[in-house]
Each structure stands twice: as C-alpha cells, then as structure tokens.
Amino acid sequence: MQVLVIGAGVIGLAVARTAALAGHDVTVAETTGGIANGVSSRNSEVIHAGLYYPTGTLRAIHCVRGRRMLYEFCVSHGVAHRKCGKLVVATNDAELTKVETILAQAQENGVEGVEMIGGNAARAMEVELACIGALWSPETGIIDSHGYMRALWGELEDRGGMIAFETPVGRMSYQAPHWHVQFGGREPGTIQFDAVVNAAGLGAQKLARRIEGYRLDEVPRLVLGKGNYFGYAGRPVFSRLIYPTPIDGGLGVHVTFDLAGRMRFGPDVEWVAEENYAVDPRRAESFYARIRTYWPGLPDDSLVPDYAGIRPKLRGPGEPQADFMIAGPADHGMPRLVNLFGIESPGLTASLSLAETVVKQLA
Ligand SMILES: Cc1cc2nc3c(=O)[nH]c(=O)nc-3n(C[C@H](O)[C@H](O)[C@H](O)COP(=O)(O)OP(=O)(O)OC[C@H]3O[C@@H](n4cnc5c(N)ncnc54)[C@H](O)[C@@H]3O)c2cc1C
C-alpha cells in the first residue's frame, strides 16, 4: 500500500518505520523543516516503566510493551540510553499510602522488579534524599530521544520510505479506493494514497476536522497542559531519577538528567489557551518549595529557566486522566485511516508498540 503518515514526531516516525518494515511504500509529510520539531523535542526523555496507568488502558499496555521494545531497539540500533532506575518518594504518611497504591498498580501492570524500600535504604542509594519510604523501579531509564528518532528515520529510508519536509497537509477526502490528500508548501497539490495515519500531535484535531465526512463529534477536544522545566546550575547530586508522588495532570516536578548527567527539574502543569514555550522565571519559587520536600539541600538561586513542552491532553484540570485515543476504521467507519489523539506521556516510551497497533489497523 501507499501509506501517508502525517507528522515527523516520534509517533509518526515509529509508525512510518513499522509500515515500511511491513512492506508498504511510505511517505511522511511534515509541516516544519525537520524531524522532531513538535512535542517530541520537548519532553523528559524518560523511558517509563509503566507504573501509574490503570491496567488494561492503552497507556498501560503500550507503555509496558513499548518500553521492552524500546530497550531492545536501543541495543540493536546503538541508541544511547541508560537504565538508571527511578525512586518515587514519599515524604509523609499520606504520600506513603499513595506510593503503595502505585506499587500495587505497577505490579498489576506487569512491571518487573518494583518494590517498596524504607527511607534509610533510599538514602543509601541517594544520600541527599529526604523521604520516609520509596518505590524503587529498576526498569525506568533515560534515552537520547533525538538519536532514537534519527535511527527510525534511517531505517525508514533504508526501506525506501521518505519524509517530505515543509509539506503541511490540508484537506483530505476518501473517494474509493483512494484517499485524496491536499498538500501545501513549496509544491502544493493533491496526491492519492491507499492509507493515511494522522500523527500530527498538537495538530491532530485540526487535521481530523479537515477530513471530508469525518464526524466532528468524533474529534475530541484538545487541552494544552504546558510543562515547564528548570535547569540546575550546580553539580548533579542524584544518579537515579527522583519523582515525588504524582499531582493533578502530571507526574510532579521530578529530577531528570540527560545522558551527559546534567540535572533538571520539571515538568510542572500549567493549563494554557495557546501554544507558547516561554518559561516564566517566577515559577521557580514553587519549584524550590516542591523540590525541597525531597531534597532539602537544594541551594538558593540554583534553578535557571530551561525549556517547556505542551502535553496534547484530552481532559482538563480536575478531570480524570484520559487514555491515548487510537481512532481506526472500526471506530469511525472510514477505510484505512487512523487518527491518533491525546498522545501525551508516555508516548515516547510507547511509540514502537503503538506503531505496531496502528499499522495493523491499516490492513
Ligand atoms: C512536558 C512533556 C514531558 C514528557 N515526558 C515524556 C517522557 O519522559 N517519556 C515519554 O515516554 N513521553 C513523554 N512525553 C510524551 C511524548 O513527548 C509525546 O507523547 C510524543 O513526543 C508525541 O509525539 P508525536 O509524534 O505524537 O507528536 P509531535 O512530536 O508533536 O509530532 C507531530 C508532528 O506533526 C506535525 N504536523 C502537525 N500538523 C501537521 C500537518 N497538518 N501536516 C503535516 N505535519 C503536521 C508537527 O509539525 C509535528 O512535527 C512528554 C510530553 C511532554 C509534553
């Protein structure tokens, strides 16, 4: 089949590579001039174990399965990563109860090696840490996400696929047996494809509304959950990822680092009406307070605004978390079309597993 994948983020690239490996003739259309210019370049680069998500949800299934696939991919394709492990820390009794609930959820999700450890054991691992107990997750890690996406692109091209940059997709219509897709950009026009995958991230809803005959009430609303990060100006003090107990809309301001060991904190949750990526330095105040609950030694004036990302959420403040939404032919009735909505965290981790599911739905 001639398959069009819209969006060259981690999800589009993983879908394109999987479709090419399955023998399809794949084109990726991307609005910007390069890969990974959207949500995929503005995240924590954490390979999540799959601790939090309710068992049986797409997030739980694809996070656990995708994580195993991703580690294998990193090894076989030489992508830099480190399985450094993560501690989810409790600083009071109420948090301890919450962390124990996360442990039970993780075990139900089939996450390997998770266990509760006491405050002393946690401090033996990380001397600067203050907590009364923690969940230890040895399967969590970090990845060079750009290296991963370059590897996906390379494999796509090896199989004859290609990415058309600066090629925004406009309207689409199905006229049996083909999809007719309008492109803008330098060489605008209409091209026919057998199958289409909408992996446009924050643009997925807008694109779906331009599909002729697609029911508007089947396009979920888009809620923007901005996440701000602050860099740490001193020498790193932790060698494992440290997470507080989760907050409404996110996992809490956690400690992550890149493969060079540079430490950063974030993301928080800021509900915004429009895309904007400026980090307001005044938000540092709440970061100091939250980080000091588990790292009392955080020095004054050590946090510097770093970057921000925007979660393509389907639910807003105070509402229960939504699942990933994979809208395929069985859902909307249109042949060989898959729309992906709400692919927020753990989308990077889940990408290879999601890709397999999406490609199967194109048959
Ligand atoms: C703050 C934050 C932290 C996160 N941390 C983690 C983490 O640690 N681990 C993890 O597993 N996940 C994490 N995630 C989730 C992960 O980053 C996302 O799930 C993933 O990057 C989504 O990728 P995507 O390909 O769907 O979207 P994108 O990367 O945004 O790609 C979509 C692409 O589509 C293009 N596009 C849009 N409209 C059109 C159009 N009409 N025509 C052509 N192209 C178009 C855009 O230009 C863009 O390049 C995090 C997310 C956020 C926001």
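One-based numbering along the sequence shown. First listed ligand is number 1; within each ligand, the first listed atom is number 1.
In terms of N/O distances under 3.5 Å, ligand 1 is approached by N43. Looking at ligand 1, you won't find any N or O of R311 less than 3.5 Å from one of its N or O atoms. Checked by distance only, ligand 1 and E30 come closer than 3.5 Å through their nitrogen or oxygen atoms.
Which parts of ligand 1 touch P346 is read off a 4.0 Å heavy-atom cut-off, strictly below it: atoms 10 (C), 11 (O), 12 (N). Less than 4.0 angstrom separates some heavy atom of G7 from each of these atoms of ligand 1: 33 (C), 34 (O), 35 (C).
The residue among G185, A199, P312 with a heavy atom at the shortest distance from atom 32 (C) of ligand 1 is A199. Of all the listed residues (T31, I35, T349), T31 holds the heavy atom that lies closest to atom 36 (N) of ligand 1. Across A200, P267, G201, heavy-atom proximity to atom 27 (O) of ligand 1 is greatest for G201. The residue among H48, H254, E166 with a heavy atom at the shortest distance from atom 7 (C) of ligand 1 is H48.
A donor-acceptor pair is defined here as one N or O able to donate and one able to accept, closer than 3.5 Å; such a pair exists between the side chain of Y288 and the backbone of D301.
Residue pairs that meet the ring pair (Phe, Tyr, Trp, His ring centres under 6.0 Å) test with at least one member in residues 325-363, sequence neighbours left out, are Y214-H332.
Nearest heavy-atom pair across H48 and R67 is O-CG, 3.3 Å.
Residues Y174 and L337 form no side-chain contact, since every pair of their non-hydrogen atoms from C-beta on lies 4.5 Å or further apart. Side-chain contact check for M1 versus R336: some heavy-atom pair is nearer than 4.5 Å.
Closest protein heavy atom to atom 9 (N) of ligand 1: V46 O, 2.8 Å.
Using modelled atom types and a 3.5 Å distance limit, the side chains of E166 and T31 yield no donor-acceptor pair.
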